[in-house]
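Chain A is the first sequence line, chain B the second, and so forth, proteins listed ahead of strands; every chain is numbered from 1.
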Amino acid sequence: MRRTRPWEDPREGVNAMSAQDAPRDGEPFPLSTLRHSVSHLMASAVQKLYPGVKFGFGPAIEHGFYYDLDLPEPLEEKDLRAIEKEMERVAKRSPQMVCETVTRDEARRRLEAKNQTYKLEALELIPQGEAITVYRHGDWEDLCEGPHVDRLDRKFHFKLLNIAGAYWRGDEKRPMLQRIYGTAFWSKDELDQHLKWLEEVKLRDHRKLGTELDLFSTHGDAGAGFVFWHPHLGAVRRAIEEFMYQEQVRRGYEFVYTPHVLREDLFKTSGHLENYGEMMYEGFGIETTRYRVKPMNCPGHVMIYATRAHSYRDLPLRMAELGTVYRFERSGVLHGMMRVRGFTQDDSHIFCTPDQLETEIAGVVELVDTVLRTFGYTYTAYLATRPEKAIGSPEIWERATKALRGAAELRQLPLELDEGGGAFYGPKIDFKIKDSLGREWQMSTVQCDFNLPERFDIHFTDSDGQQKRPIMVHRAILGSMERFIGGLIEHFAGKFPLWCAPKQVALIPIREEHTAYCKKLEHELRQDLYRVDCMDAPGHMNNKIKEAQHFQIPFMLIAGEREAAEGTVAVRRRGTREQQVMPFSEFKALLDRLRKTRSLELV
RNA sequence: GCUGCUGUAGCUCAGUGGUAGAGCACUUCCUUGGUAAGGAAGAGGCCAUGGGUUCAAUCCCCAUCAGCAGCUCCA
């Protein structure tokens, strides 16, 4: 799953960008043009302040722009403020932007004169015969295809946001430049709104909430990239696992468990060692044999399939496992729960005949829809077709791709095309969800695989008595528990719906003598498997209310003399300050309904 | 892994070349309170780890580990 960042690369962000990109409000230029021009403005200001600077690329991106720079000294946060000031000055002093078409030789001559080595390389990237343009304002000019705004003294607002390293041309073998990210809008209001959004993103960060709500931890002492689930998040995970278990059993899945450590030879057979070896941890010996920790669950499931002969009547076989896998990730990419070295996939492999492929995929598409909607996610599906390097005959690719399309049609699922984006072993549909902050994530996936059945030489006996090759469908709905639930923390901002909330009910006695009543209710709810806390430690009621609120507990039940006498509870819903007195039985009925329907609301 | 930054109490963070502080949390006592912080006292730190520089290092330098913003790569 990939996260689309506020300053996401334009290749990823094209769709999101186009929506806000139409010129409006009498502005003759689209927002992306403004941002591209502001990146030029920034570059020229940097040039003024750091005369030796060399320039890389400086495009507009989804939420702003960046420019890559080669500077002898590392920039600091405070330097950005100085650059912003200089930008204001330059915009005032030399607002006119001019485009000039030049010959290739002329462009080269000018860049050489300024020793702009990266730009010279960029010049070589422009195909022969294409127009070469230079954009200039004041005494600063840039090799650039444009377009740009006409004047820099138009009314707009910008802010430089952060500094980071970035490889020249995105290639880790090339030098690393310094990248300054910024953003720009036509109105102050929109800029402020965007900055507020960035703040909100920060507040919801699952790592921050993870500490505040006592959800999970990672430990340098225990090793980077390994998640410790605390009781609170354990409850969330448990609820979601049960939900997934039920939904899958309903759809004919059967649950299996496979070992975490397997013979190295098995990964030779599966091809993982060859194709995925860099992601796998070193092997180790047990007696005279080499073993590996599994990076994927597929070989284990194939082992189970291969234990006996299968008839076409057995198929499809839908094998599911919450399979924990371990993969090597470079230290710099680790990120809270989102990018880790050990994680549990809600994995499944469907062994089916080519004829069953379409129906099976349609079933997965339906399951994806059910699950994602339960969490309030909307999503987009992408059909990823045959890449350059692929195994399997064109006919079978054709057939599988057709099955994917057919399944989507059956479920009335619109497909975006991701040409050549398939795995080498088969085509797939990926689902990108949109969270409550409007960010896109790659999550569910359903993939056809012709490779593993071939490698493990598994078959089934068809109705004509012939031995045939089954197709394996790999599918994950949540992806991994770590990444999914990490995303969920941010999606809900720690305010989980009742059914999967860490603690569902807090019971608060007004005075110590009301504890017995609260304890009784606690017991009753707990017998019905509710996660409930009677806050009976000595201390003030107000403090307990504050604590329950801090932990985003959906319901507080406050009980004193009146309630104990009448068998009622004073209910306070998360997010409100009002209380509502009702019979306990009525409250219990509300709970039951919210849990049963997995309601996203508390009413 | 790479570039830059960071690592001080459970959490959030001040601070200093002469062995440390705040708020919240925690403990104890007082307070029995009807809906977002009652009062008082107390405990808690080998200042990430290992080297160096220095009479002296939490502070300066180097390395390691971990984290943060990105890049590259991914569930």
Tell me whether the side-chain N/O atoms of A:Arg572 come closer than 4.0 Å to OP1 or OP2 in B:A36.
yes
With rounding to whole Å, what would you report as the distance between B:U8 and B:C47 at their P atoms?
12 Å
So what does A:Gly170 touch, heavy atoms closer than 4.0 Å: a base, only the sugar-phosphate, or nothing?
sugar-phosphate
Starting at atom CE of A:Met541, determine the distance to atom P of B:G33, rounded to an integer number of angstrom.
10 Å
Taking the basic N atoms (NZ, or NE/NH1/NH2) and the acidic carboxylate oxygens, is any pair closer than 4.0 Å for A:Glu121 and A:Arg169?
yes
Go through the N and O atoms of the side chain of A:Arg179 and the base of B:U3, and report whether any donor-acceptor pair is under 3.5 Å.
no
Grab the CZ-C1' distance between A:Phe328 and B:A75 for me, whole Å please.
16 Å
cation_pi(A:Arg179, A:Tyr66) dist<6.0 Å, angle<=45
yes
Heavy atoms under 4.0 Å, any strand shown: does A:Ala476 hit a base, just sugar-phosphate, or nothing?
nothing
What's A:Gly165 touching, base or sugar-phosphate or nothing? Going by heavy atoms closer than 4.0 Å.
base
Give a yes or no on whether a donor-acceptor pair under 3.5 Å exists between the nucleobase atoms of B:A75, that is its base, and the side chain of A:Glu329.
yes
Any side-chain N or O of A:Arg207 below 4.0 angstrom from OP1/OP2 of B:A69?
yes
B:C11 OP1/OP2 closer than 4.0 Å to side-chain N/O of A:Thr211
no
Between the side-chain atoms of A:His540 and the base atoms of B:U32, is any donor-acceptor pair under 3.5 Å?
no
Write down the distance separating the P atoms in B:U58 and B:G38, rounded off to the nearest Å.
39 Å
Side chain of A:Arg511 only, please: which of B:U72, B:G33, B:A75 is the nearest?
B:G33
If we check side chain to side chain contact (heavy atoms under 4.5 Å, CB included) with A:Met535, which of these qualifies: A:Ile508, A:Leu507, A:Thr515?
A:Ile508
Looking only at B:A36, B:C71, B:U35, the nucleotide nearest the A:Lys546 side chain is B:A36
Between the side-chain atoms of A:Gln178 and the base atoms of B:U3, is any donor-acceptor pair under 3.5 Å?
no
Please measure how far the C1' atom in B:C65 lies from the corresponding atom in B:C13, and state the result in whole Å.
23 Å
Side chain of A:Glu563, base of B:G34: donor and acceptor closer than 3.5 Å?
yes
Say you pick atom P in B:A41 and the same atom in B:G17; how far apart are they, in whole Å?
32 Å
If you go through the side-chain atoms of A:Arg339, does one of them form a donor-acceptor pair with the base of B:C74 closer than 3.5 Å?
yes
B:C61 to B:A20 separation - C1' atoms, rounded to the nearest Å
23 Å
Side chain A:Arg483 and base B:C74 donor-acceptor under 3.5 Å:
yes
Between B:C59 and B:U54, how far apart are the P atoms? Round to whole Å, please.
15 Å
OP1 or OP2 of B:G34 less than 4.0 angstrom from a side-chain nitrogen or oxygen of A:Arg562, does that happen here?
no
With respect to the side chain of A:Pro74, which nucleotide from B:C68, B:G4, B:A37 is positioned closest?
B:G4
Among A:His232, A:His230, A:His206, which residue satisfies the ring pair (Phe, Tyr, Trp, His ring centres under 6.0 Å) criterion with A:Phe216?
A:His206
For RNA chain B, whose closest nucleotide is more 5', that of A:Leu75 or that of A:Val581?
A:Leu75
Contact class for A:Val340 vs. all strands (heavy atom < 4.0 Å): base, sugar-phosphate, or nothing?
base
Is A:Glu566 salt-bridged to A:Arg562, going by a charged N under 4.0 Å from an acidic O?
no
Suppose you measure atom C1' in B:U31 against the same atom in B:A22; what distance do you get, rounded to whole Å?
26 Å
Worked verdict on A:Met582 versus A:Val571 for side-chain contact (heavy atoms from CB on, under 4.5 Å)
CA-CA 7 Å; A:Met582 60 175 88; A:Val571 179; 3.9 Å; yes
For B:C71, does either OP1 or OP2 sit under 4.0 Å from a side-chain N or O belonging to A:Tyr181?
yes
